Amino acid sequence: MPEQTGTVGYYRLYCPSGAIFSLNPIYENDISLSSFLIEHVQPPHSARDYITHIAQREWIKPSGIKMYITVPGASPELVSNLDMSGGPKYCGRSRERPFLIFVEPNNDLGRSYPSQSRLTSLPYRDLKTELPRAYYRLFGVAPSSTGTQRPIPSHHPLYEDDLSLSTLFVDHVPPPHRAKDYVACIAEREQIHPSRITLYLSAKAIGVSMTAEAQEIEDLEEIMAAEIMSSTSESDPIMVNVQLDDGSLRLGTKGEPLRLSVKARVRKLADVLLK
């Protein structure tokens with residue numbers, strides 16, 4: 001039989017804390033990205049029809065899925081009943097602009113991680129050149145600290161002699177790319193409770209003049225433009241304050257939210273230290 005051909009669509013899967021595996025990955029090392037044939041989506045090709053098709057492929061309840069499309073120069077856009085038959089003017093037709101499929105918690109229908117033999121049979125993607133990165137550096141402050149903030153080691157350091165510096169792929173941050181989505185992604189990577197994290201960006205990254213060298217991202221609902229986050233670098237990373245308990249430098253606090261009274265004291269100290 002001749003090989004079946006058709007129009008290929010792409011999607012990437014997310015949970016609230018970042019990208020998650022697909023049951024049908026197309027790369028060994030980028031397993032949240034998958035593809036499908038557009039012709040296999042039932043008519044009339046509304047966003048809901050795409051969601052239903054992807055849910056069946058991934059063993060996920062359709063009611064637990066939100067679909068976002070990417071718009072150049074704008075934040076990801078949530079869609080529901082949009083007519084998706086317009087072709088290439090919408091995303092989903094390339095690996096660089098896949099549909100962003102957000103899966104709400106507790107909507108898994110018994111998914112299993114792809115086997116190692118399955119993964120090793122897939123091509124390897126050059127992530128360093130194909131996906132934009134955001135860089136971040138971890139700092140720890142305890143409530144009673146009186147000195148400067150201390151860099152603390154990341155679970156995923158870039159260098160052996162600079163353990164507090166790390167990086168993540170912007171495409172692996174869940175939509176719609178709010179500050180809280182970056183917090184959730186970093187918290188998951190570093191096994192920290194999100195309540196312990198405060199993000200700062202430098203004046204250079206934001207592109208404005210400020211009295212301090214860094215500005216806190218106070219509104220966690222604020223959309224963080226991909227262009228700004230991918231413009232961070234090893235020398236100008238996102239600064240991540242990790243609010244620690246007294247005398248502790250451990251990161252394993254995923255299940256330990258910070259008490260509000262402690263959080264207020266640490267934030268006040270951090271504001272002083274960054275001036």
Side-chain angles (χ1 to χ4, degrees), residues 1-115 118-119 121-125 127 130-132 169-178 181 185 223 226:
M1 279 181 74
E3 186 174 328
Q4 187 178 23
T5 60
T7 306
V8 179
Y10 296 87
Y11 62 90
R12 190 182 292 279
L13 292 178
Y14 300 89
C15 72
S17 57
I20 58 174
F21 70 88
S22 167
L23 296 182
N24 307 279
I26 57 176
Y27 291 108
E28 178 184 355
N29 62 331
D30 192 9
I31 62 174
S32 61
L33 184 67
S34 186
S35 65
F36 64 102
L37 289 180
I38 300 292
E39 288 79 4
H40 288 181
V41 179
Q42 67 187 35
H45 288 178
S46 69
R48 180 52 54 187
D49 298 323
Y50 277 79
I51 287 173
T52 299
H53 181 69
I54 292 171
Q56 291 172 344
R57 286 173 52 83
E58 298 292 344
W59 282 68
I60 297 168
K61 297 176 186 176
S63 60
I65 287 179
K66 294 179 181 178
M67 186 168 81
Y68 293 80
I69 60 173
T70 57
V71 180
S75 60
E77 178 182 336
L78 179 65
V79 296
S80 54
N81 296 314
L82 184 67
D83 177 8
M84 303 298 290
S85 61
K89 70 178 181 179
Y90 294 114
C91 80
R93 302 299 175 91
S94 71
R95 298 174 304 167
E96 292 72 32
R97 289 185 62 204
F99 295 124
L100 310 182
I101 305 299
F102 183 89
V103 182
E104 299 282 2
N106 303 316
N107 283 282
D108 189 306
L109 293 175
R111 287 155 41 87
S112 298
Y113 196 84
S115 67
R118 168 81 185 282
L119 292 177
S121 69
L122 298 173
Y124 207 76
R125 190 176 189 184
L127 298 179
E130 295 191 33
L131 293 185
F169 293 111
V170 174
D171 287 20
H172 290 179
V173 177
H177 298 168
R178 300 160 297 185
D181 299 321
C185 191
I223 298 294

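Hydrogens, waters and symmetry mates play no part in the numbers below; they use all other heavy atoms, side chains included. None of these values were measured; they are calculated from a predicted model.
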Any side-chain heavy atom of [X] sitting closer than 4.5 Å to one from [Y]?
X      : Y      : result
Leu109 : Ile60  : no
Tyr14  : Leu100 : yes
Arg111 : Leu13  : yes
Leu122 : Pro25  : yes
Phe36  : His53  : yes
Asn107 : Ser63  : yes
Pro105 : Cys15  : no
Pro174 : Phe102 : yes

Search all heavy atoms of [X] against all heavy atoms of [Y] and return the closest pair with its distance.
X      : Y      : result
Asp171 : Leu131 : OD2-CD2, 3.3 Å
Tyr27  : Leu33  : CE1-CD2, 4.0 Å
Glu58  : Leu23  : OE1-N, 2.7 Å
Asp30  : Arg125 : OD2-NH1, 2.8 Å
Arg97  : Cys91  : O-CB, 3.2 Å
Pro114 : Leu119 : CB-CD2, 3.9 Å

Kindly compute the distance separating [atom1] ([X]) from [atom2] ([Y]), expressed to the nearest 0.5 Å.
X      : Y     : atom1 : atom2 : answer
Ile69  : Glu77 : CD1   : CD    : 4.5 Å
Ile38  : His45 : CD1   : NE2   : 7.5 Å
Ile101 : Tyr11 : CD1   : OH    : 8.0 Å
Gln42  : Thr52 : CD    : OG1   : 5.5 Å

Legend entry - Step-by-step side chain to side chain contact (heavy atoms under 4.5 Å, CB included) determination, Arg12 to Ser32: CA-CA 5 Å; Arg12 190 182 292 279; Ser32 61; 2.7 Å; yes

Legend entry - Carboxylate-amine/guanidinium contact Glu130 Arg95, below 4.0 Å: yes

Legend entry - NZ/NE/NH1/NH2 to OD/OE distance under 4.0 Å, Lys61 and Asp108: no

Inset, instruction - Check whether any side-chain N or O of Ser34 sits under 3.5 Å from a backbone N or O of Asn24 as a donor-acceptor pair, and report yes or no. - result: yes

Legend entry - Sidechain-backbone polar pair: Asp49 side chain, Ser46 backbone, donor-acceptor under 3.5 Å: yes

Legend entry - Donor on one side chain, acceptor on other, Thr7 and Arg93, under 3.5 Å: no

Inset, instruction - Could you please spell out the steps behind the ring pair (Phe, Tyr, Trp, His ring centres under 6.0 Å) verdict for Tyr10 and Phe99? - result: CA-CA 6 Å; Tyr10 296 87; Phe99 295 124; 9.7 Å; no

Legend entry - Ring centers of Phe21, Tyr113 separated by less than 6.0 Å: yes

